[in-house]
Amino acid sequence: MYTMMQACRETNMTYQALKYYCNEGLVPNVKRDANNRRVFDERDVRWIKDLVCLKRCGMSIQEMKEYLALCLEGPSTIPQRKEMLARKQEALRISIRELEDSVDYIEWKLGFYDEVLEGKRPYVSNLIPAEE
């Protein structure tokens with residue numbers, strides 16, 4: 001069994017975030033020790049790690065609750081869960097393409113600045129009118 005702090009270390013979550021997830025019902029079947037403190041077993045910790053990943057994927061708390069509800073219904077909801085994850089996957093792929101475009105722009109701009117500083121090309125700005 002893991003204490004809250006141990007579960008936080010295992011899952012790379014803050015204490016406050018894990019407490020919030022528990023209070024929001026995202027960690028079902030939370031157990032309590034003799035002092036009424038939350039304790040977690042291996043299955044709980046694996047599920048919390050799943051929640052961390054879903055959060056990183058951009059799932060809102062409400063979406064995680066919907067996903068959890070489907071999980072708790074059992075295998076019959078696998079098609080709905082797959083659809084939810086496929087939508088998130090596509091959104092992530094779009095974000096990756098946008099980030100790659102941004103990196104490409106920055107690489108181009110850095111190259112442009114290097115060429116200006118090396119005297120290989122004149123400085124041209126979209127913000128400052130060219131001198132005539």
[X], [atom1]: over 12 other non-hydrogen atoms inside 6.0 angstrom:
X	atom1	value
N29	CG	no
N35	CG	yes
K88	NZ	yes
R32	CZ	yes
K82	NZ	no

Any chance you could measure [X], atom [atom1], to [Y], atom [atom2], to the nearest 0.5 Å?
X	Y	atom1	atom2	result
L85	I78	CG	CD1	11.0 Å
D33	K31	CG	NZ	12.0 Å
K19	C8	NZ	SG	11.5 Å
M59	R56	CE	CZ	13.0 Å
D50	T11	CG	OG1	11.0 Å
Y21	L68	OH	CG	12.0 Å

> Should the pair E90-R97 be classified as a salt bridge under the 4.0 Å nitrogen-to-oxygen rule?
Replying inline: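 So E90 pairs with R97 through a salt bridge.
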> Yes or no on side chain to side chain contact (heavy atoms under 4.5 Å, CB included) for D41 and D44, after CA distance, side-chain angles and deciding distance?
Replying inline: CA-CA 5 Å; D41 60 24; D44 297 326; 3.1 Å; yes
>> Is the ring pair Y67/W47 parallel, tilted or perpendicular, if the boundaries are 30 and 60 degrees?
In response: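 Y67 vs W47 ring planes: parallel.
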> Once the angle between the rings of W108 and F112 is folded into 0 to 90°, is it parallel (under 30°), tilted (30 to 60°) or perpendicular (over 60°)?
Replying inline: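 Ring orientation of W108 relative to F112: parallel.
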Which atom names give the shortest non-hydrogen contact between [X] and [Y], and what distance separates them?
X	Y	answer
R38	C22	NE-CB, 3.4 Å
L72	P28	CD2-CG, 4.3 Å
A7	L18	CB-CD2, 3.8 Å
V39	V30	O-CG1, 4.5 Å
F40	T3	CD1-O, 4.0 Å

> Can you check whether M4 reaches R37 side chain to side chain, under 4.5 Å on heavy atoms?
Replying inline: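 Contact flag for M4/R37 side chains = no.
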>> Are the side chains of L70 and E66 in contact, using a 4.5 Å heavy-atom criterion?
In response: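 No - every pair of side-chain heavy atoms lies 4.5 Å or more apart.
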> Among all residues two or more places apart in sequence or in another chain, which pass the side-chain hydrogen bond (donor to acceptor under 3.5 Å, both in side chains) test with N36?
Replying inline: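 Here no residue qualifies.
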> Which is it for E42 and K49 under the salt bridge (charged side-chain N to carboxylate O under 4.0 Å, His left out) test, yes or no, and what are the steps along the way?
Replying inline: CA-CA 11 Å; E42 287 293 333; K49 286 179 180 179; over 6 Å; no
>> When you measure from the side chain of T77 to the backbone of Q80, do you find a donor-acceptor pair of N or O atoms at a distance under 3.5 Å?
In response: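 Pair absent, no side-chain N/O of T77 close to backbone of Q80.
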